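Counting starts at 1 for both ligands and their atoms, following the listed order. Just so we're clear, the structure is a prediction, and the values are computed from it rather than from any experiment.
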Amino acid sequence: MRFSGWRVLREGLTGNRGWQGHWRDPDPKPEYDAVIIGGGGHGLATAYYLARDHGMTNIAVLERGYIGGGNVGRNTTIVRANYYLPGNSEFYSHSLKLWEGLEQDLNYNAMMSQRGILNVFHNDAQRDSAVRRANAIINQGDDAEILSRDQLREMAPLLNYDNNRFPIQGALLQRRAGTARHDAVAWGFARGADQRGVDILQNCEVTSIRTEGGKVIGVETTRGLIRAGKVAMAAAGRSSQVAAMAGLTLPIESHVLQAFVSEGLKPIIDHVITFAEGHLYISQSDKGGLVFGSYLDLYTSYAARGNLPMVEHTMEACMAMLPAIGKARLLRSWGGIMDMTPDGSPIIDRTSIVGLYLNAGWCYGGFKATPASGQCYAHLIATDRPHEAAAAFRLERFETGHGLMDEEATGAQHNLH
Ligand SMILES: Cc1cc2nc3c(=O)[nH]c(=O)nc-3n(C[C@H](O)[C@H](O)[C@H](O)COP(=O)(O)OP(=O)(O)OC[C@H]3O[C@@H](n4cnc5c(N)ncnc54)[C@H](O)[C@@H]3O)c2cc1C
């Protein structure tokens with residue numbers, strides 16, 4: 001079934017009786033060429049690109065819950081390509097280009113909205129750093145502009161420009177950045193993969209990874225043993241637990257990150273806005289809710305919910321940066337489990353076990369990576385060679401210390417990335 005304006009019109013006139021399910025609900029086969037552990041954005045995108053780019057269709061995505069129930073459906077939906085360091089920079093640049101054609105490619109409305117991101121700075125040091133970042137982004141071939149305080153005020157008049165502690169000096173703007181409807185991205189990739197023959201198996205938790213003579217041979221699941229010569233981990237916040245099933249210890253800690261949504265309001269914020277002080281990021285959804293978040297909860301956990309101190313901190317940051325928000329009521333909040341690496345950059349690599357692959361360490365920035373991560377991981381799984389856009393995401397950098405990409409320059413402390 002293809003979606004189009006004509007189709008919407010026809011269904012509207014005929015009682016909406018022609019819509020079909022977006023993907024099948026098959027029983028697991030005893031054996032596949034490859035299985036992917038984790039039906040989040042990255043796992044589903046990987047399946048889609050394995051089928052589309054490499055013709056691998058005898059594959060399955062194994063999801064312990066329902067697809068879209070993990071971080072892919074819990075994030076604050078920000079998509080951008082404003083990274084600074086080589087390695088990250090070309091990867092996220094590649095990802096944004098994929099985002100720009102994704103809806104046409106998937107024939108699915110992911111509500112991609114290139115409304116621009118404003119990274120607000122408050123002092124001279126932050127302005128210098130923003131200028132350096134803008135130069136790096138432009139050198140990479142993407143767009144970046146530095147806005148003065150007056151230019152910023154025209155675009156975002158409701159900000160607190162004269163806060164005593166955090167006066168606003170200006171902002172780094174990337175116009176091509178924006179937001180996408182997070183769970184629609186999971187559904188779009190799921191539908192695209194299913195159409196190409198991929199089995200999406202929900203309520204199918206992997207409980208152990210089977211190996212023989214240093215090679216992977218399959219996985220035990222709550223729906224039985226599934227054999228596969230290639231097993232690809234894409235379990236995000238649970239990556240360490242899944243890798244431990246094969247006896248591997250990852251350089252990853254799992255931390256909670258919360259998100260918040262206000263009641264629906266008339267449009268008051270046209271862009272995504274992030275603040276360098278207080279580490280707050282905020283945008284307004286198409287339904288009118290203000291969508292925002294700030295720091296990690298600062299303790300390790302596998303619980304997909306957060307605690308009150310970070311709720312208070314986030315609300316205080318909101319009041320300092322955008323006092324008008326004090327009139328809005330908070331509607332919902334939730335948490336997700338972040339797979340934090342010591343340098344804040346991800347891993348797409350083979351492991352020491354033949355046929356076992358790792359995609360993890362997305363920290364709190366993996367949503368924007370979804371299409372490129374899937375495409376690069378699929379390339380690695382199909383060819384056993386890294387994709388050129390993800391060539392720097394090697395696991396061994398944490399063992400050797402070479403090639404670390406400490407984007408935030410905070411040192412090897414997981415919770416600070
Ligand atoms: C509050 C919050 C805000 C965020 N904001 C942004 C943002 O604005 N921009 C951005 O780029 N990123 C953001 N992120 C980060 C981003 O959401 C994640 O980095 C990304 O979604 C992780 O990849 P994923 O989609 O594959 O993860 P997930 O959706 O979590 O997928 C992993 C899947 O693996 C499954 N799984 C785990 N163990 C097993 C098992 N044993 N067997 C089978 N399945 C298993 C899980 O159930 C889960 O569905 C945010 C995250 C959170 C929580």
- Ignoring hydrogens and angles, state whether a donor on the side chain of H255 or T300 is under 3.5 Å from an acceptor on the partner side chain. no
- Polar-atom distance check: I78 versus ligand 1, any N or O pair below 3.5 Å? yes
- Task: Decide whether an N or O pair under 3.5 Å exists between G41 and ligand 1.
- Result: yes
- Message: Whether D143 and R175 form a salt bridge (side-chain N of Lys/Arg under 4.0 Å from carboxylate O of Asp/Glu) is what I want to check.
- Response: no
- Task: Kindly confirm or rule out an N or O of R238 lying under 3.5 angstrom from an N or O of ligand 1.
- Result: no
- Task: Can you sort out which atoms of ligand 1 are near A259, meaning under 4.0 Å from one of its heavy atoms?
- Result: 1 (C)
- Identity and separation of the nearest protein heavy atom to atom 27 (O) of ligand 1: A236 CB, 3.3 Å
- Query: Can you tell if the side chain of V216 reaches within under 4.5 Å of the side chain of R210, non-hydrogen atoms only?
  - Reply: no
- If we only count N/O pairs under 3.5 Å, is E205 in contact with ligand 1? no
- Qualifying residue for side chain to side chain donor-acceptor pair (under 3.5 Å) with Y83, from E407, R133, K368: K368
- Query: What part of A234, side chain, backbone, both or neither, has a heavy atom within less than 4.0 angstrom of ligand 1?
  - Reply: backbone
- Task: Could you tell me which atoms of ligand 1, counted from 1 in the order shown, lie closer than 4.0 angstrom to a heavy atom of C363?
- Result: 19 (O)
- Message: Does Q151 have more than 12 heavy atoms from other residues, nucleotides or ligands lying within 6.0 Å of its CD?
- Response: yes
- Message: So if I count the atoms of ligand 1 from 1 in the order they appear, which ones are less than 4.0 Å from some heavy atom of Q258?
- Response: 1 (C)
- Nearest neighbour in protein (non-hydrogen) for atom 8 (O) of ligand 1: T76 OG1, 2.9 Å
- Going by the order shown, which atoms of ligand 1 are within less than 4.0 Å of some heavy atom of C204? 43 (C)
- Task: Drop me the distance from F121's CZ to S129's OG, to the nearest 0.5 angstrom.
- Result: 9.5 Å
- Message: Polar contacts were defined as any N/O atom of the residue lying under 3.5 Å from an N/O atom of the ligand; does this apply to K368 and ligand 1?
- Response: yes
- Task: State whether Y161 and R153 meet the cation-pi test: NZ (Lys) or CZ (Arg) under 6.0 Å from the six-membered ring centroid, and within 45° of the perpendicular axis.
- Result: yes
- Message: Testing the 3.5 Å rule here: is there a donor-acceptor pair between the side chains of E253 and N415?
- Response: no
- Among protein heavy atoms, which sits nearest to atom 13 (C) of ligand 1, and what does the distance come to when rounded to 0.1 Å? Y364 O, 3.0 Å
- Message: Is a donor from one side chain sitting under 3.5 angstrom from an acceptor on the other, for D105 and Y48?
- Response: yes
- Item | Stepwise ring-ring contact (aromatic ring centres under 6.0 Å, His included) check, Y295 with H313 | CA-CA 9 Å; Y295 285 115; H313 167 85; 5.4 Å; yes
- Query: What is the distance from atom SG of C376 to atom CZ of F393, rounded to the nearest 0.5 Å?
  - Reply: 8.0 Å
- Item | Any residue meeting salt bridge (charged side-chain N to carboxylate O under 4.0 Å, His left out) with E316, in chain and number order, not counting sequence neighbours | none
- Starting from atom 37 (C) of ligand 1, locate the nearest protein heavy atom and write down its residue, its atom name and how far away it is, to 0.1 Å. R64 CD, 3.6 Å
- Can you tell me which residue and heavy atom of the protein come closest to atom 31 (O) of ligand 1, and the distance to 0.1 Å? G40 CA, 3.2 Å
- Between the side chains of H417 and Y364, is a donor N or O closer than 3.5 angstrom to an acceptor N or O? no
- Those atoms of ligand 1 less than 4.0 Å from some heavy atom in G38: 33 (C), 34 (O), 35 (C), 44 (N)
- Message: Within the 3.5 Å criterion, strictly below it, is a donor on D142 or N82 matched to an acceptor on the partner's side chain?
- Response: no
- Query: At what distance is the nearest protein heavy atom to atom 23 (O) of ligand 1, and which residue and atom is it?
  - Reply: H42 CD2, 3.0 Å
Throw together a table of side-chain donor-acceptor distances under 3.5 angstrom for residues 67-79, partners on residues two or more places apart or in other chains.
residue, atom, partner, partner atom, Å
N71, OD1, I337, N, 3.3
N71, ND2, I337, O, 2.7
R74, NE, G69, O, 3.0
R74, NH1, G335, O, 2.6
N75, OD1, T77, N, 2.8
N75, ND2, N71, O, 3.0
N75, ND2, V72, O, 3.1

- Query: Relative to atom 28 (P) of ligand 1, which among T221, T46, N71, V291 owns the nearest non-hydrogen atom?
  - Reply: N71
- Query: Between the side chain of Y281 and the main-chain N/O of S294, is any donor-acceptor distance below 3.5 Å?
  - Reply: yes
- Note on the structure: If you compare F367, W334, Y66 by their heavy atoms, the one closest to atom 12 (N) of ligand 1 turns out to be F367
- Would you say the side-chain atoms of Y32 and D199 include a donor-acceptor pair closer than 3.5 Å? yes
- Message: Tell me the nearest of M233, Q241, H182, E63 to atom 47 (O) of ligand 1, using heavy-atom distances.
- Response: E63
- Query: For ligand 1, which atoms have a heavy atom of L62 less than 4.0 angstrom away?
  - Reply: 43 (C), 44 (N)
- Does any N/O atom on L257 come nearer than 3.5 Å to any N/O atom on ligand 1? no
- Message: Test your reading of the structure: does M338 have an N or O sitting under 3.5 Å from an N or O of ligand 1?
- Response: no
- Query: Can you check whether G366 has an N/O within less than 3.5 Å of an N/O in ligand 1?
  - Reply: yes
- Would you give the length of the straight line joining atom CD of E220 to atom CD1 of I209, rounded to the nearest 0.5 angstrom? 11.0 Å
- Item | Enumerated ligand 1 atoms positioned under 4.0 Å from heavy atoms of V242 | 38 (N), 41 (N)
- Would you say G365 contacts ligand 1, with heavy atoms under 4.0 Å as the rule? yes
- Going by heavy-atom distance to atom 50 (C) of ligand 1, choose the closest among V61, I37, N75. N75
- Note on the structure: For atom 41 (N) of ligand 1, the closest protein heavy atom turns out to be V206 O, 3.1 Å
- Message: Any nitrogen or oxygen of G335 lying under 3.5 Å from a nitrogen or oxygen in ligand 1? Just yes or no.
- Response: no
- So, is Y281 polar-close to ligand 1, with some N/O to N/O distance under 3.5 Å? no
- Task: Could you tell me the residue and atom name of the protein heavy atom closest to atom 1 (C) of ligand 1, and the distance to it rounded to 0.1 Å?
- Result: R74 O, 3.4 Å
- Which of the ligand 1 atoms, numbered from 1, are nearer than 4.0 Å to a heavy atom of W362: 19 (O)
